[in-house]
Amino acid sequence: MAGYLLKNCAAVIVDEGKGPVVHRNVDLLTSGPAIVAIGENIGADTLPAGTTVQDAAGWFVYPGLVNTHHHFFQCFVRNRADLDWTKLSVIEWLDRIYPIFSQLNEECFYHASVTAMAEMIKHGCTTALDHQYNFPRHAGKRLIDRQFEAAELLGMRFHAGRGGNTLPKSEGSTIPDEMLETTDEFIADCARLIDTYHDISPFSMRQVVVAPCQPVNCYRETFVESVALARDRGVMMHTHVGEGESLVIQARHGMRTVDYLEELGFAGPDAFYAHCWELNHDELRKMAASGTGVAHCPEPVYLVGAEVTDIPAMAAFGLRVGLGCDGAASNDNSNLMHCLHSAYMLQCLVSSSRAHPVPPPVEFLGYGTTGGASLLGRRDIGRLAPGMAADLFAIDTRRMDYVGTRHDPLSLIARVGIGMATDMTMINGRIVWQKGEFPGLDETKLAADAEAALSTVEF
């Protein structure tokens, strides 16, 4: 079985289940999809047949990052200065941007997925959940099938969040009719995708998450049926919560979003919510008690301009926290590495006004790795140790960018930030990015094909 020996790594972030520890001047051996050994002087004369030896001098090797919330399709609606969050509420912004989203076609969804995943891989992300809730009628129902196709092309470990919107605009949602589905349509396609793609075997590359878009844009029955399907099939659940909608939900249902979803059963260790920046401490404690997790997306916080998500309180209350890029409509890049740095810096910005201290930088690395794995229900990714998936990235720190920083690899990404692509990204034991290239793929052609697909739509 083919594998790699990363020889003479300057540092490897090892976690055997008790937290990350830096191992200096060691080798890392993989075989097939898994890590086999991490230690000093792993002998070349005892390597399994087919092992490639890779000089890793100067490299800091980290566990692959886990993205727990994104909207890949939004890569085709970015760098739009006219969609200015600073002058709009979240609901007003949705009213403007959803008609744009509704014009995308099937090829756009495929090529936008390639675009987003390629950028993530370049910056150390090895597993990604996409919350794909946009199903324009003209685009058909095979949009997530095309996303799995894109993931296979690039070698990305992919969790498909099958989203959907069921409440008409005439009843208070922000959704154009072109993007509406019935609850039955939504649930039926969730079931089809689970049956077709969901794989619970070790080192699975394909899983499905039941993910109705958000409570303000769905009927109550949509969430009730989502819980029933997810629990019946043993898959995770996901949605948007605490993103400016709590007062709307209270006006409709007599309670804020966290209480509403808990009443419906859309809470627990198999559920996680994106954003949660407007939640109060009582709501956070309730989520911690139920085991519900949070996919924290730091970059949109800049645009909302209202509140910085209270990560210190979440940490103090014991919530499970992962990180997400969010869609390019509210974060114009798909760089989870940058989000890790942003998450830490945002908490520093408001630390003097918070009841709880900012977690140390290493905790933010944890949110992007083990925290994300926990949200997705994965025990085989998120950390580097023998038996774990060979999902990792390497940074050659023999550069001016890292002078004075190399004494603390655990804090480096959150505190200093990484301003360039990785030197290597490996997923499931396969090198998918190295020396500025996607092995076996022509990035120039990928970009040209994506631009051609985008040109077919007039916004």
If I compare all heavy atoms of [X] with all of [Y], which pair ends up nearest, and what's the gap?
{"X": "Asp15", "Y": "Arg383", "value": "O-NH1, 2.8 Å"}
{"X": "Ala453", "Y": "Cys108", "value": "O-SG, 3.5 Å"}
{"X": "Asp396", "Y": "Asp423", "value": "N-OD2, 2.8 Å"}
{"X": "Ala390", "Y": "Ile35", "value": "CA-CG1, 3.8 Å"}
{"X": "Ser226", "Y": "Phe266", "value": "CB-CE1, 4.2 Å"}
{"X": "Asn67", "Y": "Met120", "value": "ND2-SD, 3.2 Å"}

Can you measure from [atom1] ([X]) to [atom2] ([Y]) and round to the nearest 0.5 angstrom?
{"X": "Ile311", "Y": "Glu363", "atom1": "CD1", "atom2": "CD", "answer": "11.5 Å"}
{"X": "Asp130", "Y": "Thr68", "atom1": "CG", "atom2": "OG1", "answer": "12.0 Å"}
{"X": "Thr115", "Y": "Leu446", "atom1": "OG1", "atom2": "CG", "answer": "8.5 Å"}
{"X": "Leu336", "Y": "Asp326", "atom1": "CG", "atom2": "CG", "answer": "11.5 Å"}
{"X": "Leu5", "Y": "Leu28", "atom1": "CG", "atom2": "CG", "answer": "8.0 Å"}
{"X": "Cys297", "Y": "Trp277", "atom1": "SG", "atom2": "CH2", "answer": "12.5 Å"}

4.5 Å side-chain heavy-atom contact, [X] and [Y]:
{"X": "Ile418", "Y": "Tyr402", "value": "yes"}
{"X": "His240", "Y": "Glu245", "value": "no"}
{"X": "Val114", "Y": "Leu154", "value": "yes"}
{"X": "Tyr367", "Y": "Leu340", "value": "no"}
{"X": "Leu376", "Y": "Met236", "value": "no"}
{"X": "Thr309", "Y": "Pro298", "value": "no"}
{"X": "Tyr273", "Y": "Leu261", "value": "yes"}
{"X": "His111", "Y": "Phe76", "value": "yes"}

Indicate yes or no: does [X] engage [Y] in a salt bridge with an N to O separation below 4.0 Å.
{"X": "Asp145", "Y": "Arg192", "value": "yes"}
{"X": "Asp380", "Y": "Arg157", "value": "no"}
{"X": "Arg142", "Y": "Glu149", "value": "no"}
{"X": "Asp449", "Y": "Lys445", "value": "yes"}
{"X": "Arg78", "Y": "Glu299", "value": "no"}
{"X": "Lys7", "Y": "Asp55", "value": "no"}
{"X": "Arg256", "Y": "Asp259", "value": "no"}

Under 3.5 Å, is there a donor-acceptor pair between the side chain of [X] and the main chain of [Y]?
{"X": "Arg430", "Y": "Ile427", "result": "no"}
{"X": "His70", "Y": "Cys325", "result": "no"}
{"X": "Thr369", "Y": "Leu65", "result": "no"}
{"X": "Ser113", "Y": "Phe72", "result": "no"}
{"X": "Thr257", "Y": "Val241", "result": "no"}
{"X": "His341", "Y": "Ala414", "result": "yes"}
{"X": "Thr370", "Y": "Gly382", "result": "no"}
{"X": "Arg162", "Y": "Leu193", "result": "no"}
{"X": "Arg231", "Y": "Asp270", "result": "no"}
{"X": "Thr30", "Y": "Gly429", "result": "no"}

Steps toward side chain to side chain contact (heavy atoms under 4.5 Å, CB included) verdict (Thr126, Thr425)
CA-CA 8 Å; Thr126 55; Thr425 301; 3.8 Å; yes
Side chain to side chain contact (heavy atoms under 4.5 Å, CB included) between Trp433 and Thr422, intermediate numbers included
CA-CA 8 Å; Trp433 169 259; Thr422 69; 3.2 Å; yes
Looking at Phe73 versus Tyr133, is the centre-to-centre ring distance below 6.0 Å?
yes
May I ask you to check whether His159 and His238 place their ring centres under 6.0 Å from each other?
no
Start with the C-alpha gap between Phe393 and His123, add the side-chain angles, then the distance that decides, and say whether side chain to side chain contact (heavy atoms under 4.5 Å, CB included) holds.
CA-CA 8 Å; Phe393 67 89; His123 298 283; over 6 Å; no
Step by step, work out the side chain to side chain contact (heavy atoms under 4.5 Å, CB included) result for Leu279 and Val294.
CA-CA 11 Å; Leu279 302 186; Val294 175; over 6 Å; no
Parallel, tilted or perpendicular for His131 and His71, by the 30°/60° rule?
tilted
Would you say that more than 12 heavy atoms from the other residues, nucleotides or ligands in this model lie under 6.0 Å from the CZ of Arg415, or not?
no
Atom CG of residue position Asp195 - does it have more than 12 heavy atoms of other residues, nucleotides or ligands inside 6.0 Å?
yes
Using ring-ring contact (aromatic ring centres under 6.0 Å, His included), reason through His356 and Phe317 one step at a time and then give a plain yes or no.
CA-CA 10 Å; His356 303 91; Phe317 301 154; 5.5 Å; yes
Quiz item: cation-pi between Arg146 and Tyr110, 6.0 Å / 45°
yes
